[in-house]
Amino acid sequence: MQTSRARLFKEYKEVQREKGADPDIQLVCDDSNIFKWTALIKGPSETPFEGGVFQLAFAIPEQYPLQPPQVRFLTKIFHPNVHFKTGEICLDILKNAWSPAWTLQSVCRAIIALMAHPEPDSPLNCDSGNLLRSGDVRGYQSMASMYTRLAAMPKKG
């Protein structure tokens with residue numbers, strides 16, 4: 001547990017020092033628990049998520065960095081690799097391809113990359129995956145855009 005605290009504290013200091021260096025990611029540590037973090041990530045440009053800001057929740061195990069953090073979307077998102085109700089993310093680095101070289105910041109980067117390049121063959125959201133697998137890219141993009149507008153963009157007025 002000491003190792004994970006030391007590592008998380010190092011990442012925390014890095015995030016504080018680099019504030020604003022990556023405008024697409026804003027990582028925040030819970031004031032009272034270093035094992036709980038949240039992130040705000042910007043939807044990648046030229047995707048149906050562009051213009052949206054998505055909140056992620058990180059639950060970090062005591063064995064971190066030997067074990068991956070649990071990460072989920074708190075903001076609703078229509079994406080084949082994200083469970084629509086729970087926000088669970090299907091991403092290899094959060095499962096069997098994890099390496100202690102990954103940081104919370106690089107995990108956010110990988111999630112942004114996944115948003116831009118969905119993997120419809122391993123869907124957690126079958127509706128979304130089926131649209132892409134059947135070649136209905138336009139249908140997928142219009143649903144994803146609609147949910148981005150509804151859930152990830154500031155309300156006007």
Side-chain angles (χ1 to χ4, degrees), residues 1-129 132-133 140-141 144-145 147-148 151-153:
M1 184 144 127
Q2 283 309 102
T3 312
S4 57
R5 276 186 196 281
R7 166 70 182 262
L8 287 167
F9 192 65
K10 181 179 171 206
E11 288 193 41
Y12 176 77
K13 287 199 295 200
E14 186 84 9
V15 165
Q16 296 308 313
R17 194 172 61 244
E18 301 284 322
K19 251 192 172 70
D22 190 339
D24 296 339
I25 300 168
Q26 184 183 342
L27 260 169
V28 180
C29 178
D30 184 293
D31 288 340
S32 59
N33 185 348
I34 198 156
F35 293 99
K36 297 224 174 297
W37 292 60
T38 55
L40 294 175
I41 59 174
K42 289 186 180 167
S45 58
E46 297 180 31
T47 72
F49 311 109
E50 184 173 10
V53 175
F54 299 83
Q55 188 174 19
L56 303 171
F58 286 76
I60 291 128
E62 290 184 1
Q63 297 78 13
Y64 181 82
L66 299 177
Q67 284 185 355
Q70 289 181 319
V71 188
R72 64 188 183 90
F73 275 89
L74 294 177
T75 308
K76 286 272 182 244
I77 181 171
F78 188 77
H79 188 284
N81 309 111
V82 180
H83 191 285
F84 190 72
K85 287 196 169 94
T86 66
E88 179 192 349
I89 303 166
C90 180
L91 182 60
D92 60 352
I93 63 150
L94 295 175
K95 309 269 188 286
N96 56 351
W98 174 256
S99 155
W102 287 90
T103 63
L104 302 181
Q105 184 88 9
S106 59
V107 166
C108 289
R109 270 271 137 245
I111 292 169
I112 292 170
L114 180 69
M115 290 168 75
H117 305 284
E119 295 288 338
D121 293 331
S122 61
L124 281 173
N125 178 332
C126 291
D127 293 337
S128 167
L132 284 175
R133 281 201 308 260
Y140 162 74
Q141 289 181 334
S145 294
Y147 278 105
T148 298
M153 289 183 169

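The model shown is predicted, which means the values in this text are computed figures rather than measured ones.
Counting heavy atoms from C-beta outward, P68 and W102 have side chains that stay 4.5 Å or more apart. For the pair L27/E11, no side-chain contact is recorded, criterion being any heavy-atom separation below 4.5 Å from C-beta on. Under the 4.5 Å side-chain criterion, counting only non-hydrogen atoms from C-beta, I111 is not in contact with F54. Annotation: side chain of I112 is in contact with side chain of I25 (closest heavy-atom distance under 4.5 Å). Using a 4.5 Å cut-off on side-chain heavy atoms (C-beta onward), F73 and L56 make contact. Within the 4.5 Å cutoff, no side-chain heavy atoms of V15 are placed close to those of K13. Residues S122 and N81 meet the side-chain proximity criterion, which asks for heavy atoms closer than 4.5 Å. Using a 4.5 Å heavy-atom cutoff, the side chains of T103 and E14 are not in contact.
For the atom pair CG (L8) and CD (E62), the distance works out to 11.0 Å, reported to the nearest 0.5 Å. One finds the CD1 atom of I89 at 8.0 Å from the NZ atom of K95 (value rounded to the nearest 0.5 Å).
Of the possible donor and acceptor atoms, none in the side chain of T75 sits under 3.5 Å from a partner among the backbone N and O of A151.
Residues satisfying the side-chain contact (heavy atoms from CB on, under 4.5 Å) test with R5, not counting sequence neighbours, are M1, Q2, I34, F35. Taking the side-chain contact (heavy atoms from CB on, under 4.5 Å) definition, one finds that F84 meets it with K76, N125, Y147, sequence neighbours left out. Considering only residues two or more places apart in sequence or on other chains, K19 meets the side-chain hydrogen bond (donor to acceptor under 3.5 Å, both in side chains) condition with Q16. With sequence neighbours excluded, no residue forms a side-chain contact (heavy atoms from CB on, under 4.5 Å) with A113. The side-chain contact (heavy atoms from CB on, under 4.5 Å) test applied to S145 returns P48, R149, not counting sequence neighbours.
Listed here is the closest heavy atom pair of L132 and P120: CB-CB, 3.8 Å. The shortest heavy-atom contact between E119 and P80 is O-CB, 4.5 Å. Residues Q67 and W98 share a closest heavy-atom pair of C-NE1, 3.5 Å. The shortest heavy-atom contact between D127 and F78 is C-CZ, 4.3 Å. Contact between E88 and R72 at its shortest, heavy atoms only, is N-CB, 4.0 Å. P23 and A21 get closest at one heavy-atom pair: CD-O, 3.5 Å.
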When you look at I60 and L104, which way does the side chain to side chain contact (heavy atoms under 4.5 Å, CB included) test go after all the steps?
CA-CA 10 Å; I60 291 128; L104 302 181; 3.9 Å; yes
Set out, in order, the CA-CA distance, both residues' side-chain angles and the distance that settles side chain to side chain contact (heavy atoms under 4.5 Å, CB included) for T47 and M115, then state yes or no.
CA-CA 8 Å; T47 72; M115 290 168 75; 5.9 Å; no
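Note on residues 108-117: pairs passing salt bridge (charged side-chain N to carboxylate O under 4.0 Å, His left out), not counting sequence neighbours, are D22-R109, D24-R109.
Remark: Q63 CD is packed, more than 12 non-hydrogen atoms of other residues, nucleotides or ligands lying under 6.0 Å away. Around atom CG of N33, more than 12 heavy atoms belonging to other residues, nucleotides or ligands sit under 6.0 Å away.
Note on ring orientation: taking the six-membered ring where Trp is involved, the planes of H79 and F49 are tilted (angle from 30° to 60°).
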